[in-house]
2 protein chains.
Amino acid sequence: MRKYETRIQKKNHSVILDAGLKIFSQFGFRGSTLDQIATESGLSKPNILYYFTSKEAIYEALLSQLLAHWLKPVHDINPNGDPIEEILGYAKHKMRMSRLYPRESRLYANEIIQGAPRIKNALTGELREVVSTLVKLMNKWSSAGLIRSVDAHHLIFSIWAMTQHYADFDVQVQAVLGEGDHFPDAERYFEDMLRRMLTV
Amino acid sequence: MRKYETRIQKKNHSVILDAGLKIFSQFGFRGSTLDQIATESGLSKPNILYYFTSKEAIYEALLSQLLAHWLKPVHDINPNGDPIEEILGYAKHKMRMSRLYPRESRLYANEIIQGAPRIKNALTGELREVVSTLVKLMNKWSSAGLIRSVDAHHLIFSIWAMTQHYADFDVQVQAVLGEGDHFPDAERYFEDMLRRMLTV
DNA sequence: GTCTATATCTGGATAGAC
DNA sequence: GTCTATCCAGATATAGAC
């Protein structure tokens with residue numbers, strides 16, 4: 001009995017988060033309303049506030065998972081693997097995440113564009129730390145002559161920029177190329193580009 | 001006398017647009033308020049609505065110039081120039097615009113991420129047209145053996161993605177690299193990347 | 001042309017019945 | 001746990017004095 005209630009709670013909890021993700025990722029925090037989330041989730045507005053204390057609480061719940069989610073692929077990089085293949089694997093992994101989780105990408109983009117008021121600490125903390133480690137690894141590889149010498153920071157930015165572009169600017173991509181799945185071509189171009197950049 | 005009034009009008013008109021650009025580019029259309037624009041511009045709220053009929057009118061006035069503004073550098077490309085230098089010149093031009101006009105870039109990003117409700121027609125119309133022309137030119141160049149054969153559409157997307165990244169995700173770039181002007185390094189990296197991609 | 005005051009509406013959140 | 005009704009703050013826009 002207890003268990004059944006908990007199951008419903010978990011269900012509604014995740015239904016609300018899913019609806020919130022859809023709305024917040026499109027309109028940003030201030031541009032989104034509880035009414036929209038209510039309609040999207042099929043629950044009533046007061047019912048939503050039974051599960052979450054406030055609109056802000058829903059948004060923060062979504063944000064809190066986000067950075068870890070985006071950074072996970074970095075940790076799959078094997079410092080002892082083949083450098084070029086490791087970097088390519090990371091880039092492909094990110095590209096696939098943009099295809100699978102475009103709403104998460106847009107939620108993140110919205111937050112950053114608006115000045116990252118709620119995750120600035122995570123950016124100067126965890127993110128900076130992770131990037132720093134990755135840059136050191138790349139520099140080690142290029143010192144060892146395993147990859148070409150490049151500005152590692154901007155290489156990383158270029159990977160982020162290009163992969164996220166296909167999620168965040170999807171409307172524009174579709175407008176230019178027509179409806180359809182353009183990720184395969186994008187991935188091919190991207191892989192070609194990175195190989196050219198990194199091959200000694 | 002008439003002229004003087006007109007001068008004040010023009011002044012206030014542009015003051016409002018400038019304030020609107022600052023606010024809208026940060027919070028998006030729905031997330032921005034007339035109060036913010038009033039405070040930013042130093043005018044009162046009713047006074048703003050004396051110059052523009054509505055909040056929406058301010059936003060649309062800003063949007064209407066935007067696409068043309070972003071596409072202008074394309075038209076500086078000389079089909080008879082040196083292909084690699086022309087493409088590099090375009091990329092550098094775009095990078096410089098991201099540095100000079102980060103608010104315009106963010107306004108555009110906000111609009112696109114939110115599904116481009118107000119400029120979708122311009123995307124499938126003018127933008128698509130311009131890209132199509134540029135793609136044909138690049139393909140002609142590669143057929144002639146003047147640049148390497150690449151997917152021209154995705155090359156263009158990569159130029160947009162990378163240049164706009166430094167404007168739209170400025171907060172993140174600053175968090176990772178520290179405060180300062182990172183455009184010179186970004187431009188160097190970018191130029192190196194494009195030369196590698198395009199050199200036969 | 002610019003202001004104060006205000007009408008009107010929307011949105012977040014709560015009260016209280018069921 | 002979920003609903004209807006409602007409170008209250010904030011936001012767009014207008015009225016009307018100066």
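Within every chain, numbering begins at 1; the chains are lettered A, B, ... in the order of the sequence lines, protein sequences first and strands thereafter. Hydrogens, waters and symmetry mates are skipped; everything else that's a heavy atom, side chains included, is used.
- Taking the six-membered ring where the residue is Trp, B:F169 and A:Y108 present tilted rings, their angle falling between 30° and 60°.
- The nearest whole Å value for the distance from the CZ atom in B:F29 to the P atom in C:dT10 is 14 Å.
- Atom NZ of A:K55 and atom P of C:dT14 are 15 Å apart (whole Å).
- By the 4.5 Å heavy-atom criterion applied to side chains, B:L63 and B:F24 are not counted as neighbours.
- What separates CG of B:L34 from P of D:dT12 is a distance of 4 Å, to the nearest Å.
- Residues passing the side-chain contact (heavy atoms from CB on, under 4.5 Å) test with A:I84 are A:D82, A:L88, A:I147, A:R195, A:L198, A:T199, sequence neighbours excluded.
- Using a 4.5 Å heavy-atom threshold, the side chains of B:Y166 and B:P102 count as separate.
- Distances shown here put a side-chain N or O of A:R30 below 4.0 Å from the OP1 or OP2 atom of D:dA11.
- Annotation: side chain of B:H182 is in contact with side chain of B:Q174 (closest heavy-atom distance under 4.5 Å).
- When rounded to the nearest whole Å, the span between CG of B:D35 and P of D:dT12 equals 7 Å.
- Remark: C1' of D:dT12 and CZ of B:F52 are 16 Å apart, rounded to the nearest angstrom.
- For B:Y101, the OH atom is loosely surrounded, since the number of other residues' heavy atoms within 6.0 Å does not exceed 12.
- Remark: C1' of C:dG12 and CD of A:Q36 are 13 Å apart, rounded to the nearest angstrom.
- Interface residues of residues 37-51 of chain A facing DNA chain C, ordered by number: A:K45, A:P46, A:L49; criterion, heavy-atom separation under 4.0 Å.
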